Enquirer: 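For reference, the structure I am asking about is given below.
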Protein chains: 2
Amino acid sequence: MYDHTDKERLLLAVDCIIFGFDGEKLKILLIKRGFEPERGKWSLVGGFLHKSEVLHDAATRILNRYTGLDDIYMEQVGTFSDIDRDPEERTVSTAYYALINIKNHSQKLNRQFSAQWFSVEEAPPLIFDHDKMVRHALKRLRTKAETEPIGFELLPEKFTMRQLQNLYEAIWNVSLDKRNFISKVRSLDILEKLDEKDKTSSRKGSFLYRFDAEKYKTVERNRSSLNL
Amino acid sequence: MYDHTDKERLLLAVDCIIFGFDGEKLKILLIKRGFEPERGKWSLVGGFLHKSEVLHDAATRILNRYTGLDDIYMEQVGTFSDIDRDPEERTVSTAYYALINIKNHSQKLNRQFSAQWFSVEEAPPLIFDHDKMVRHALKRLRTKAETEPIGFELLPEKFTMRQLQNLYEAIWNVSLDKRNFISKVRSLDILEKLDEKDKTSSRKGSFLYRFDAEKYKTVERNRSSLNL
DNA sequence: CCAAAAGTGTTACTGCTACACCCATGT
DNA sequence: ACATGGGTGTAGCAGTAACACTTTTGG
């Protein structure tokens, strides 16, 4: 009943859209390919699915290879199957996006892989269908950020309200009113206010906050909840 | 730089979660497998990706094979890659969900494939990881229905307000107030009220409506828009 | 004392929720 | 005449949007 005549064994690749935040803009990590095909062009980091490996593990492995990081938030974006997306051989690719704290990312690895951070709007054209993958990932990130507290993955453990606001402004490409933003965040009751201040950005200094995952779990929320 | 040692050519399957609505409950179409492996068990409809075929086309082909329908709303849900999900051979599967008008679906094909509609809550256990696929698809459908007018795909062209409300109650498994529902729908300004009445469900008869895709396009909407 | 960023409250408006009665019709 | 489902409006409430001034402190 399955029709086996035409079925084809093919390569399954995994490509990662790695998002970071530098305090100003939402960025993605790209590498300048040092190998064929398309040597010298910019691309997402990627690799092939191994035997005895599930997709999520492959994405984690690839992310670790290029960033040295573990325990990173990742989500599957989708699977892209254009016939000639890879000129070498029929290859289908599943895209994942990852949210990392840009500060944790080593310069050494960046040099090793000719990797570079680009702001989402100013990124160069990418190989294959990677631009499409980035667009989809960005859309998913924006949607997800409306209902889940994933923004904190992009910030250091301790952050100021201003940083948090800048982050959401960057994710949605909007500008928000600082009073409304703060009162909304406070009403969610998912942050712990610390006694420390960050003095780097002003003479007065601004209080640091920390995301409290325990509080988040216990607070009751309705269907469309976060809506920062 | 890509590590080619371990990469593996594998089969890529496509499985379809076919949603329908009978006026009461949200349903999915399942087939009783007439072939090995797992002959006699219930499963989603599926098949393998062909050479020179993109995933979306494969999903469309499979849907057509089992329902005879064309031009159907489909959306990719995700790709499932558990190592032993298929006992025969390493197979990764991309799931799509489809929304069809249950009335358009032929009894003949149902007999041919031993297919049957089950309400989402009362479906039997499925083979492989198909239960997981259904859960994911349902989640996606629920989210999507909050912001996009996809419910109409599940209804006949002309429908009553009551049918529309029943549909959304079934999708989200909630009960809604009929006055609030109607005024919310009206405020969206995406329906055309017809002069016809449907007399099957009451003596008085209830007006029929039609989704107006043109209106939908022109009406301006904000970020979180439909929220029926 | 001044520049620069932090921090804070109130009001108007919009949209959502809750709620109950009359209408039209076929039998 | 009555049973059945269809159709309608309003008032309270909650959450959002708009808006400007005071505080702190290093130089």
Side-chain angles (χ1 to χ4, degrees), chain A residues 22-24 145-147 155-156 158-170 172-210 219-228, chain B residues 22-24 145-147 155-156 158-170 172-210 219-228:
Chain A
D22 66 356
E24 285 281 315
E146 284 177 20
T147 52
L155 292 173
K158 303 169 181 182
F159 50 85
T160 66
M161 278 289 178
R162 172 61 56 151
Q163 288 175 296
L164 188 63
Q165 181 179 344
N166 285 344
L167 171 63
Y168 280 96
E169 291 181 333
W172 292 320
N173 196 29
V174 293
S175 65
L176 303 169
D177 178 272
K178 116 180 122 153
R179 288 158 292 187
N180 292 340
F181 181 80
I182 289 173
S183 63
K184 175 70 198 224
V185 170
R186 262 211 276 270
S187 76
L188 296 173
D189 193 31
I190 56 176
L191 294 189
E192 179 188 2
K193 185 175 189 172
L194 306 175
D195 284 330
E196 300 171 66
K197 284 193 158 190
D198 170 50
K199 312 273 283 187
T200 57
S201 65
S202 76
R203 311 193 195 290
K204 186 180 177 179
S206 59
F207 280 104
L208 290 164
Y209 292 80
R210 180 195 285 141
V219 172
E220 49 195 273
R221 257 154 287 111
N222 42 9
R223 199 148 50 89
S224 53
S225 65
L226 207 63
N227 279 345
L228 277 165
Chain B
D22 67 356
E24 285 279 316
E146 283 178 21
T147 53
L155 293 173
K158 303 170 180 182
F159 49 85
T160 66
M161 277 289 177
R162 172 62 55 152
Q163 288 175 296
L164 188 64
Q165 181 179 346
N166 285 344
L167 171 63
Y168 279 97
E169 290 182 331
W172 292 319
N173 195 30
V174 293
S175 65
L176 303 169
D177 179 273
K178 106 180 133 159
R179 288 158 292 188
N180 292 341
F181 181 81
I182 290 172
S183 64
K184 176 69 199 224
V185 170
R186 262 211 276 270
S187 77
L188 295 173
D189 194 31
I190 57 177
L191 294 189
E192 179 189 0
K193 184 175 189 171
L194 306 176
D195 285 328
E196 299 171 67
K197 283 192 160 192
D198 170 49
K199 311 272 282 185
T200 58
S201 64
S202 77
R203 311 193 193 288
K204 185 178 177 179
S206 59
F207 281 104
L208 290 165
Y209 292 79
R210 182 195 283 141
V219 172
E220 48 195 271
R221 258 155 286 113
N222 42 9
R223 200 150 45 91
S224 54
S225 64
L226 204 64
N227 280 345
L228 278 166

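As the structure is a computational prediction, the values presented were derived from the model and not from experiment. Values below: every heavy atom of this structure, side chains too, minus hydrogens, waters and symmetry copies. Lettering follows sequence order; numbering is per chain, from 1.
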Enquirer: If you count heavy atoms of other groups shown closer than 6.0 angstrom to CD of B/Glu24, is the number above 12?
Expert: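 Atom CD in B/Glu24 is not packed in, count stays at 12 or less.
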Enquirer: State which of D/dG6, D/dC19, C/dG7 makes the closest approach to the side chain of A/Phe207.
Expert: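 In terms of side-chain proximity for A/Phe207, the closest of D/dG6, D/dC19, C/dG7 is C/dG7.
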Enquirer: For a quick test of reading the model: is some side-chain N or O of B/Lys199 closer than 4.0 Å to OP1 or OP2 of C/dA24?
Expert: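 The answer is no; no side-chain N or O of B/Lys199 sits under 4.0 Å from OP1 or OP2.
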Enquirer: Ignoring backbone atoms, establish whether A/Arg186 has a side-chain N or O less than 4.0 Å from OP1 or OP2 of C/dT8.
Expert: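 Yes.
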Enquirer: When the distance from CZ of B/Phe181 to P of D/dG7 is rounded to whole Å, what number comes out?
Expert: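 Checked: the CZ to P distance equals 13 Å.
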Enquirer: Using whole Å, report how far CG of A/Asp198 lies from P of D/dG26.
Expert: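 The distance from CG of A/Asp198 to P of D/dG26 comes to 14 Å, rounded to the nearest Å.
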Enquirer: Under a 3.5 Å distance rule, please check whether A/Gln165 uses its side chain to pair with a backbone N or O of A/Ile182 as donor and acceptor.
Expert: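 No.
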Enquirer: Quick one: closest heavy-atom pair of B/Leu191 and B/Phe159, and the distance?
Expert: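 Closest heavy-atom pair between B/Leu191 and B/Phe159: CD2-CZ, 3.9 Å.
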Enquirer: Quick check for you: among C/dT8, C/dG7, C/dC16, whose closest atom lies nearest to any side-chain atom of A/Ser206?
Expert: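 Nearest to the side-chain atoms of A/Ser206, counting from C-beta on, is C/dG7.
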Enquirer: Please report, rounded to the nearest Å, how far the P atom of C/dC23 is from the NZ atom of B/Lys197.
Expert: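 So the two atoms are 14 Å apart, to the nearest Å.
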Enquirer: Which of the following nucleotides, C/dA6, C/dT8, C/dC16, is nearest to the side chain of A/Arg179?
Expert: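 Closest of the options to the side chain of A/Arg179: C/dT8.
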Enquirer: Output the single nucleotide from C/dG26, D/dC19, D/dG9 whose closest atom is nearest the side chain of B/Arg203.
Expert: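 Shortest atom-to-atom distance from the side chain points to C/dG26.
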Enquirer: If I take atom CD1 in residue B/Ile182 and atom C1' in nucleotide C/dC16, what distance separates them, rounded to the nearest angstrom?
Expert: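 Atom-to-atom, B/Ile182 to C/dC16, this comes out as 16 Å.
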Enquirer: For B/Asn180 and D/dG12, what is the distance between atoms CG and C1' respectively, to the nearest whole Å?
Expert: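 One finds 13 Å between C1' of D/dG12 and CG of B/Asn180, rounded.
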Enquirer: I want to confirm an ordering. Mapping A/Lys204 and A/Lys178 to their closest nucleotides on DNA chain D, which one lands closer to the 5' end?
Expert: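 With A/Lys204 and A/Lys178 compared, the 5'-side residue is A/Lys178.
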Enquirer: Output the rounded distance in Å from CG (B/Asp177) to P (D/dG6).
Expert: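 One finds 14 Å between P of D/dG6 and CG of B/Asp177, rounded.
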Enquirer: Does B/Arg162 make a side-chain N or O approach to OP1 or OP2 of D/dG7 shorter than 4.0 Å?
Expert: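 Looking at the OP1 and OP2 atoms of D/dG7, neither is under 4.0 Å from any side-chain N or O of B/Arg162.
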Enquirer: Please report, rounded to the nearest Å, how far the P atom of D/dG7 is from the CG atom of B/Leu191.
Expert: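 Result: 13 Å.
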Enquirer: Once you round to the nearest 0.5 Å, how far does CG of A/Asp198 lie from OH of A/Tyr209?
Expert: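 Answer for the CG-OH pair, A/Asp198 versus A/Tyr209, is 12.5 Å.
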Enquirer: Determine, stepwise, if the pair A/Arg210 / A/Leu208 fulfils side-chain contact (heavy atoms from CB on, under 4.5 Å).
Expert: CA-CA 7 Å; A/Arg210 180 195 285 141; A/Leu208 290 164; over 6 Å; no
